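Inspection log for the structure reproduced underneath, given as structure tokens.
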Amino acid sequence: MLQHQSRANASTVSSVVQSSPVVLDNRKAPPPLDADRMRMYPRIGNRQIVGYGLKGKPEYFDLVMFPCPSIRWEADTPETAVLRKKEQGDWKQLSVDEKKRLYRASFRQTFEEFTASSGLWKWTLGWGLIALSALTLAYDGWRRIAYNFDKPSSMSDEKLKQQMQFHIAARQGPMSGLSSKWDYETGTWKK
């Protein structure tokens, strides 16, 4: 209850409002800094709150749908503070390295980095194929154990010879089949 009252009292203070020009949703005012800093200090440390953020909470996310987080990625160091003052002036006076350091102080990754493929599909496909092969082997083993019937009599060598003689006598496949390789005049296989 005490926390809720202090939050309600802190949010009614209108003099402590964010002075940063970066506000993502212009329809909503950014949350008061004091209340959020008191509530979120263990999590955000000395990082600067620069916008309303996702659902009005001072949290950092790298999201394509929400490209500007409510807090900076890194806490301000003396070097970053000097660069931030220099940033207020003409950007042509900033070197490329200084611009990159400013960007990395505000954002953890570039769009290209956090939208890049992670390669998770390879891992998923590999384990899926391993699971499929394990299930196939298990099924095959079970099939060999559970359905271990004797071979039918038609699969014996004697019956197979009789079937072959029947096909030759019936002249089945005279052009390219079994009968085409049998010489009917001599009763032997053609050479």
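The figures that follow rest on heavy atoms only: side chains count, while hydrogens, waters and symmetry mates do not. Computed from a predicted structure; not experimentally measured.
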Do the side chains of Trp142 and Leu132 join up, straight or via other hydrophobic residues, at under 4.5 Å, putting them in one cluster? no
Closest heavy-atom contact between Glu59 and Ser70? N-OG, 3.0 Å
Using modelled atom types only, decide if a donor and an acceptor are shared between the side chain of Ser106 and the backbone of Arg72 within a distance under 3.5 Å. no
Could you give the distance from OG1 (Thr124) to CG (Leu129), rounded to the nearest 0.5 Å? 11.0 Å
Under the side-chain contact (heavy atoms from CB on, under 4.5 Å) criterion, do Met164 and Leu160 qualify, and how do the steps go? CA-CA 6 Å; Met164 189 167 48; Leu160 289 174; over 6 Å; no
Any salt bridge linking Asp157 with Lys161? Criterion: basic side-chain nitrogen under 4.0 Å from a carboxylate oxygen. no
Same hydrophobic cluster for Trp121 and Trp127, using side-chain heavy-atom links shorter than 4.5 Å among ILVMFWY? no
Kindly state each residue pair satisfying ring-ring contact (aromatic ring centres under 6.0 Å, His included) with at least one member in residues 82-105, sequence neighbours excluded. Tyr103-Phe107
Would a distance-only check, ignoring hydrogens and angles, find a side-chain to backbone donor-acceptor pair under 3.5 Å from Thr115 to Phe111? yes
State whether the number of non-hydrogen atoms from other residues, nucleotides or ligands found under 6.0 Å of Lys190 atom NZ is greater than 12. yes
Please report the interatomic distance CH2(Trp182) to CD(Gln165), rounded to the nearest 0.5 Å. 7.5 Å
Spatial distance of atom CG (Leu135) from atom CG (Asp140) [nearest 0.5 Å]: 12.5 Å
Quick one: does Ser179's side chain have a donor or acceptor within less than 3.5 Å of a partner on Gln172's backbone? yes
Where the side chain of Tyr184 meets the backbone of Ile168, is there a donor-acceptor pair that is under 3.5 Å apart? yes
Report the distance from atom CD of Gln162 to atom OG of Ser154, rounding to the nearest 0.5 Å. 11.0 Å
Can you confirm whether Lys86 is buried at NZ, in the sense that more than 12 heavy atoms of other residues, nucleotides or ligands lie under 6.0 Å from that atom? yes
Salt bridge or not for Glu79 and Arg104, using N-O below 4.0 Å? no
Using a 6.0 Å cut-off, check whether atom CD of Glu113 has over 12 heavy atoms from anything other than its own residue. yes
In terms of heavy-atom contacts, Gln109 and Tyr60 come closest through N-OH, 4.3 Å
Atom CZ of Arg101 and atom CD of Glu74: how far apart are they, to the nearest 0.5 Å? 11.0 Å
Electrostatic pair Glu87-Arg84, nearest N-O below 4.0 angstrom: yes
What do the steps show when you test Leu94 against Lys100 for side-chain contact (heavy atoms from CB on, under 4.5 Å), and what is the final call? CA-CA 10 Å; Leu94 289 171; Lys100 285 182 180 179; over 6 Å; no
Arg143, CZ atom: more than 12 neighbouring heavy atoms under 6.0 Å: yes
